[in-house]
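Reviewing the structure listed below.
Chain identifiers are assigned alphabetically (A, B, ...) following the order of the sequence lines, protein sequences preceding nucleic acid strands; residue numbering begins at 1 within each chain.
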2 protein chains.
Amino acid sequence: MRLLLIEDEKELAAALAVALGKHGIVIDHTTHLADAVELTLQNDYDAILLDRRLPDGEGLTFIPKLRRSGRDTPIIVMTARNEPLERVEGLNIGADDYLGKPFLVEELRARVRAVLRRPINLAEPEIVAGHMVINPLQLNVAINSVQFDVPRRELSVLIALAKRKNKTVLRSMLEEAVYNYEEEIQSNALDAHISRLRKRLADAGSGVAIHNIRGVGYLLKEE
Amino acid sequence: MRLLLIEDEKELAAALAVALGKHGIVIDHTTHLADAVELTLQNDYDAILLDRRLPDGEGLTFIPKLRRSGRDTPIIVMTARNEPLERVEGLNIGADDYLGKPFLVEELRARVRAVLRRPINLAEPEIVAGHMVINPLQLNVAINSVQFDVPRRELSVLIALAKRKNKTVLRSMLEEAVYNYEEEIQSNALDAHISRLRKRLADAGSGVAIHNIRGVGYLLKEE
DNA sequence: CATCCGGTAATGCTGCTGCAATTGTCGATC
DNA sequence: GATCGACAATTGCAGCAGCATTACCGGATG
């Protein structure tokens, strides 16, 4: 088994290489994102271990790059930033698992095995619905080829709905798409977002409408 | 889907029951290990959510007990003790996954799904019956390729029947699919749901019909 | 200091859902 | 095949949970 490790702390990297080596796992190691891209083109890794804080940028930016090159290699993100919202952020961008530092090598191995068991799931580069095109990575929306501003909260809702257009999205899924565990929600803020979003979409002639299924959730439907 | 939740924080338990209930997952809840053992003998759960700090002892001790009784039900351990050593401890004893608090319900659901994926049970993505297509994970129903709204309770009944189309489903099974064991039912509410569902299915030209087996249960049959 | 975002709350409304009463149906038994 | 009892089907009703909309205002932002 061959893994690519992208990590700038050299002691940690060396320790991992030794530890995993004992289990017959080969580690390629680089400290920079730039090199990582090239390595993935030249090799076919079973999985990639990715740090977030790197000398030449945020590690997560590597994920869309890799996906765009057509690879669906599983990625495990390792980081000290282990807040719920950040985990979800990582997973949404297309990471396959998230591992908070510090961790034991045994746990890392367990997660590598787990990730390799999973069926492949890819992140979508852009979402089309009606006359609307959303890029969930760039966080921008175009309607009829015109750039269209949507506030952050509403955008979270819109993306969650558009990712599963014509399918029901549970209310709780939407709440989780917008708020993390600590931010308790004591009001109908989500309803308000939906309402404002509807108005926005209608005014812009987006060609989509948000439909409610009572007691279940919402549904973005193309007209 | 039916889960056993062993957790002494009642607010958290209630919140989880509500949150997962919205996804059609029924939760049985107990606060004590002693009761848990008995419940697992009487029921066949899809998975078990286990807290570590419990009034009558360390939650992990439950795992070998369960395994010795011959059950391989997947167990997800939830805990605030989220140090690396403790995570590995849990996994070594035989837990299938480990989830540190706080967590997002979305993450819990993802891990439940992941854990259930392990056996050959790749979970049928959709159920086809007559002109109707149901996706039990996304909770959406299409008839003749048209999105079709079904209220919460009726949807639970419909899915339970469709999963076993052309086979009899016991009345008690349907009740369990719709209500958890705290919500006692003192009327013919289930019959009412069946009736309304029949009308809905007939109006939509679904190509299926619900038949009754007197004294036993119901049966969803393709025409 | 002007603008806009976003959470809160009030209001009105829709329709799901549990219950019960009534009617209908099955099947066992004689 | 007539009768009777148990079970099932249907429907109206009332309560209320869930949803839509709007106004308000504090706070962030530039």
Side-chain angles (χ1 to χ4, degrees), chain A residues 85 139-141 148-161 168-180 182-204 209-221, chain B residues 14-15 17-19 21-24 139 141 148-161 168-180 182-203 209-221:
Chain A
L85 249 185
L139 299 184
N140 69 16
V141 179
F148 186 67
D149 290 341
V150 181
R152 279 188 304 284
R153 298 293 203 199
E154 289 178 37
L155 185 58
S156 296
V157 174
L158 179 60
I159 290 174
L161 288 169
T168 307
V169 182
L170 299 164
R171 187 187 186 80
S172 56
M173 294 287 271
L174 292 175
E175 282 169 0
E176 286 163 15
V178 179
Y179 304 97
N180 74 16
E182 282 114 18
E183 296 178 281
E184 278 191 28
I185 190 77
Q186 308 174 326
S187 74
N188 60 347
L190 179 61
D191 302 56
H193 289 310
I194 293 275
S195 180
R196 290 165 186 151
L197 196 47
R198 275 182 172 140
K199 182 160 170 38
R200 226 178 270 275
L201 293 175
D203 291 355
I210 298 174
H211 184 213
N212 170 261
I213 297 166
R214 179 171 276 249
V216 182
Y218 291 87
L219 173 71
L220 184 83
K221 204 170 179 180
Chain B
V18 169
K22 288 179 183 166
H23 298 275
L139 300 184
V141 180
F148 185 67
D149 294 352
V150 183
R152 193 163 103 260
R153 303 249 121 128
E154 289 177 39
L155 184 59
S156 294
V157 174
L158 179 60
I159 290 175
L161 287 170
T168 305
V169 182
L170 297 177
R171 190 186 187 81
S172 59
M173 297 293 257
L174 291 175
E175 282 170 359
E176 285 182 7
V178 179
Y179 304 95
N180 70 22
E182 277 154 8
E183 299 177 281
E184 281 188 27
I185 189 84
Q186 308 176 333
S187 73
N188 62 346
L190 179 62
D191 302 56
H193 288 310
I194 293 275
S195 174
R196 289 164 186 150
L197 197 46
R198 276 179 171 142
K199 180 159 170 39
R200 229 179 265 275
L201 293 175
D203 290 354
I210 299 174
H211 295 275
N212 171 261
I213 313 287
R214 179 164 279 251
V216 181
Y218 291 87
L219 171 70
L220 184 84
K221 201 170 177 183

Return the polar atom pairs (N/O with N/O) between nucleotides 24-30 of chain C and the protein under 3.5 Å, or none.
from: dT25(C); atom 1: O2; to: Arg214(B); atom 2: NH2; distance (Å): 2.9

Anything under 3.5 Å between a protein N or O and an N or O of nucleotides 2-4 of chain D, put it in a table, one pair a line.
none

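The distance from atom OH of Tyr218(B) to atom CG of Leu197(B), rounded to the nearest 0.5 Å, is 11.0 Å. Ile213(A) contributes atom CD1, which lies 13.5 Å from atom CZ of Arg152(B) (distance to the nearest 0.5 angstrom). Here the CZ atom belonging to Arg153(B) is positioned 11.0 Å from the CG atom belonging to Leu190(B), to the nearest 0.5 angstrom. The distance from the CZ atom of Phe148(A) to the CG atom of Leu201(A) is 6.0 Å, given to the nearest 0.5 Å. Expressed to the nearest 0.5 Å, how far CG of Leu174(B) lies from CD1 of Ile194(B) amounts to 6.0 Å.
Considering every non-hydrogen atom in both Val216(A) and Val150(B), the closest pair reads CG2-O, 4.0 Å. Scanning both residues, Ala177(B) and Ser156(B), for their nearest heavy atoms gives O-CB, 3.9 Å.
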Report summary line: A correct 5'-to-3' footprint of nucleotides 20-30 of chain D, with B, S and - meaning base, sugar-phosphate only and no protein heavy atom under 4.0 Å, is SBBB-------

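Contacts between residues 151-158 of chain B and DNA chain D, defined by a heavy-atom separation under 4.0 Å, are absent.
For His193(A), a side-chain nitrogen or oxygen approaches OP1 or OP2 of dG7(C) to under 4.0 Å.
Applying the side chain to side chain donor-acceptor pair (under 3.5 Å) test to Lys199(A) and every residue at least two apart in sequence or in another chain returns Asp203(A).
Using a 4.0 Å cut-off between charged nitrogen and carboxylate oxygen, Arg196(B) and Glu154(B) do not count as a salt-bridge pair. A salt bridge links Arg171(B) with Asp191(B): the distance from a Lys NZ or Arg NE/NH1/NH2 to an Asp or Glu carboxylate oxygen falls below 4.0 Å.
With contacts defined as side-chain heavy-atom distances shorter than 4.5 Å, the pair Asp149(B)/His211(A) qualifies. In this structure, Leu220(B) and Val169(B) have side chains that are not in contact, with every pair of non-hydrogen atoms separated by 4.5 Å or more. Taking the side chain as every heavy atom from C-beta outward, Thr168(A) and Val141(B) never approach each other to under 4.5 Å.
Comparing the local axis fitted to the first five base pairs of the helix from dC1(C)-dG30(D) to dC30(C)-dG1(D) with the one fitted to its last five gives a bend of 40°, rounded to 10°.
The nearest whole Å value for the distance from the CG atom in Leu197(B) to the P atom in dA9(D) is 12 Å.
When atom types are taken as modelled, the side chain of Arg198(A) and the backbone of Ile210(A) share a donor-acceptor pair closer than 3.5 angstrom.
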